[in-house]
Amino acid sequence: MYAKVIVDVPAKQTNRAFDYSVPSSMKGWIEVGSRVGVPFGPRVLQGFVVELHDTTSVDPKRLKAVRHILDPAPPLTEELVELGHWMSETYLCHEVTALQAMLPGALKAKYERYVQVADIEADGSPSMLLLLPSQERIIDYLQRKTKVKMEDLLEAFPEDGGLIRDMLEEGLLLEKQGMKDRGSAKKALTVFPPGIKIKQNEAASVSHHEETRSEAGSPVPAAESPADSAASREPLNLARLADELPARSHKQKEVLLYLSENLKPIRLTELMDKLQVGASTVKGLADRGWIELREVEVMRDPYANRHFEETKPLPLTDEQQSVYDTIAATLDRREHQVYLLQGVTGSGKTEVYLQAISRCLEQGREAIVLVPEISLTPQMVERFKGRFGDEVAVMHSRLSAGERYDEWRKIMRRQVRVVIGARSAVFVPFRKIGLIIIDEEHESSYKQEESPKYHARDVAAWRARYHGAAVVLGSATPSLESIQRTRPAAGAGSEYKLLMMPSRVAGRPLPPVHIVDMREELRSGNRSMFSRALHRGLEQRLQKGEQTVLLLNRRGYATFVMCRTCGFVAGCPHCDISLTYHQVSRTLRCHYCGYAERQMELCPDCGSEHIRHFGTGTQRVEEELVKLFPGIRVIRMDVDTTTEKGSHEKWLTMFRNKQADVLLGTQMVAKGLDFPDVTLVGVIAADTVLNLPDFRSAERTFQLLTQVAGRAGRHTLPGEVFVQTYTPEHYSVITASRHDYDAFIAEELPHRRQLGYPPYCRLILVTITHEQIPLLVRTAEALTMRLRELGAMEQGRAASCGEDFFMDVLGPVASPIPRIKDRYRFQCVVKYRGEASASRIVSRVLDEFAERAAKEKMLISVDVDPQMLM
DNA sequence: AGCACGCCGACT
DNA sequence: GTCGGCGTGCTC
């Protein structure tokens, strides 16, 4: 038997499967999706089995054997292996990178090398008998310690570098390589009363593997969990044993009596806590052999100490009911269908999700719920835990690596059937998916910025198609890509079906939104960042004891330093970007390369003293608030104040408890939050996003404004929203203020069509960087030409086959940031329509240029715009 | 990514 | 004459 294995080397040359023979001992055990240890060159690496065959085309003499299987059960399903392949093609990433993204970080391999003394007995070499004193010192050192790294050894014996090398050559020392997982199951000492048969949920996972580099030994399959010994013998009467103890051992008696009444395993710490005894008391009993003490795998449960109030399905409104019925019918027919559920904020989408999930579970199928990271708040978790209890696993970035690993193991063990989580939860190893829900589907956090640059929506659609499952994309402001797909395509029906929930559940009206023209403010002499209207609003809330949310988009508002006399702007010497002022350290820093310098007192160009930082960070808004309203209590939420684990929740809880008057923050305050006493929402500057050089900027602005507008007056108190802007006439501002999605779409779609942007085409961005401009430009031009050439050929081929395919290449031009870390950057953009063959063309051209690029130390990177490929 | 094999400058 | 620089190429 032979296995095709993708090895853990994310490089172009190794981005293919390698063949290995499968030892007979593994035959019943290895599967597609197994994580294995395989010899690769001189080392042993982690790999993933992607195929199993009875034949191989590789010369049998060159074949090596699979060394280990790393898990009791394959961590990937066949489906996920197939998905990984699809991802590598569509997003142009290495296949391992895609597969690795599906697993919790704990399963990522850690490789380490260390020096060991050779086994003298086995070796029997006569040279062993005569050792120099210095050799003996080295051997002694190594035998005292374990896992000594080569560099540590050389550091410990700085004089003996040559000697150590000789010893390695002679075989006195061996270099070994180890591989282990980054995280592992947590173990806890557990007390077993005698006579209790232990049920291990899972064979102990094989988490540690050692190999001698030269050794070609046969693999040892993971052992079963150690045989139950004392615990399964004939039961001892604990109560009677207690009598045998001397009178002064009353603590031990207590323990025995407790255990005789509760004949079940108990965590040592729990027992100690309950009976107020020390560890030595219990260990004493274990030494007598009356009880057994041993390490058992336990689950870390981040929600262990929380009680979740059980919630019953709520009665649905007519709107909700009809949406639910449609989804339920699709589920009942086991059909694949993507629904776009457009429901205004407060229309009760979550209740529809919950009931659809119930239906899905009744059918014995599983459900995945994706929410943007930011809205995975305790309230959201509570709602799902309250309805589905222990059937729910929660996955988000605030869990520790260990906690996340345990949630994932619950899924592997089939202990849960619902997963709620952020982007990466779309990969959970379910086998019978019936429903995938993506809440706030327009959110950009569904896009992964690092490789593999996937979009959770694409992946969800792919998996749902595979499983015959339904997808529900929910949003008040759907992405244009999704809206476009609800419209009938030429000659066919629509790809997605649109479901609408236009009214709010309790009939609460949406708050009035006032657009404030900041140019007007300036003209009438108000130089403050608060308009008179917003100022008045704040004043009123403070008087009435109501709360305010203030939103500031930091992007495009970075605090740069400028000389007011000559216009000099402090820039990074390595990147073409202005430096950002950091108040805490009083330094100027570059966000791209980390360069830092002291804040200057005088302008380096003209010597003027009139140098100051411009732009408005959240700190500056806070300062101004305190100045204008002495005594005001402000909670500021931005990257500076929320990096600490749990700080996010802490601030929000404080605000909810009315320990502050104003919540001030960036995007993160806009999303999914629901505070009853907030009656005023202010957007400091609506157009910062609008001015970004991004074709989606109008869409982003509309979405953001609509979302914040929904934050005010969610409960009994009526709300009010002020949007400050320098472009009050822009359609994204106007339509958002009227809560009018359709009007926005009607303006935006023609623009996109006219300029040939998504959703009318798809984009691939190719960026080339080099230290020298002339060579860079030449290469960029050649590459663009070649892309055009192949694009035209493909277009011709497609036309003759009657396929719809269009491809255009823009550029090359300098990138938006033309230099980073002393490397110049050029880019070209591939626009295409039709089947995804453009990515194949790009990847072919990149292959053609790879050799040349490597020679010149040129870096070429590709970004598939992962917004909607399917 | 590692690591080995291989061909040209400063040292015993 | 050798040690060692990192260029090139392979890993089942």
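Keep in mind that the numbers below use all heavy atoms, side chains included, and drop hydrogens, waters and symmetry copies. We name chains A, B, ... by the order of the sequence lines, and we start the count at 1 in each one. Small disclaimer: the values here were computed from a predicted structure and weren't measured.
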request  = Just jot down the salt bridge (Lys or Arg N to Asp or Glu O under 4.0 Å) partners of Arg62(A), sequence neighbours excluded, or say none.
outcome  =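 Not a single residue meets the salt bridge (Lys or Arg N to Asp or Glu O under 4.0 Å) criterion with Arg62(A).
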task = Scan Phe40(A) against the nucleic acid and name what it touches under 4.0 Å (heavy atoms): base, sugar-phosphate only, or nothing.
result =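 Base, at least one base heavy atom under 4.0 Å.
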According to side-chain hydrogen bond (donor to acceptor under 3.5 Å, both in side chains), who are the partners of [X], at least two apart in sequence or on a separate chain?
{"X": "Asp8(A)", "result": "Tyr111(A)"}
{"X": "Arg823(A)", "result": "Thr769(A)"}
{"X": "Arg819(A)", "result": "Asp576(A), Asp822(A)"}
{"X": "Glu771(A)", "result": "none"}

query = When you check the phosphate oxygens OP1 and OP2 of dA4(B), does a side-chain N or O of Arg43(A) lie under 4.0 Å from one of them?
reply =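 For dA4(B), neither OP1 nor OP2 has a side-chain N or O of Arg43(A) closer than 4.0 Å.
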query = Side chains of Tyr91(A) and Asp458(A): do they bring a donor and an acceptor to under 3.5 Å?
reply =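 The answer is yes; a qualifying pair exists.
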query = So where does chain A start and stop touching DNA chain C, 5' to 3', when the test is distance under 4.0 Å to a non-hydrogen atom?
reply =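 Nucleotide range with atoms under 4.0 Å of chain A: dC10(C) to dC12(C).
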inquiry  = Taking ring pair (Phe, Tyr, Trp, His ring centres under 6.0 Å) as the definition, give me every residue that meets it alongside Phe849(A), ordered by chain and number, with sequence neighbours left out.
reply    =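 Once residues adjacent in sequence are excluded, Phe849(A) has no partner under the ring pair (Phe, Tyr, Trp, His ring centres under 6.0 Å) criterion.
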Side chains of residues 421-431 of chain A: which donor-acceptor pairs under 3.5 Å do they make with residues two or more places apart or in other chains?
residue: Arg423(A); atom: NH1; partner: Ser445(A); partner atom: O; Å: 2.9
residue: Arg423(A); atom: NH1; partner: Lys447(A); partner atom: O; Å: 3.1

inquiry  = Counting only heavy atoms and a strict 4.0 angstrom limit, can you tell me which residues of residues 6-18 of chain A come near DNA chain C?
reply    =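 When residues 6-18 of chain A is checked for heavy atoms under 4.0 Å from DNA chain C, the hits, listed by number, are Gln13(A), Thr14(A), Arg16(A), Phe18(A).
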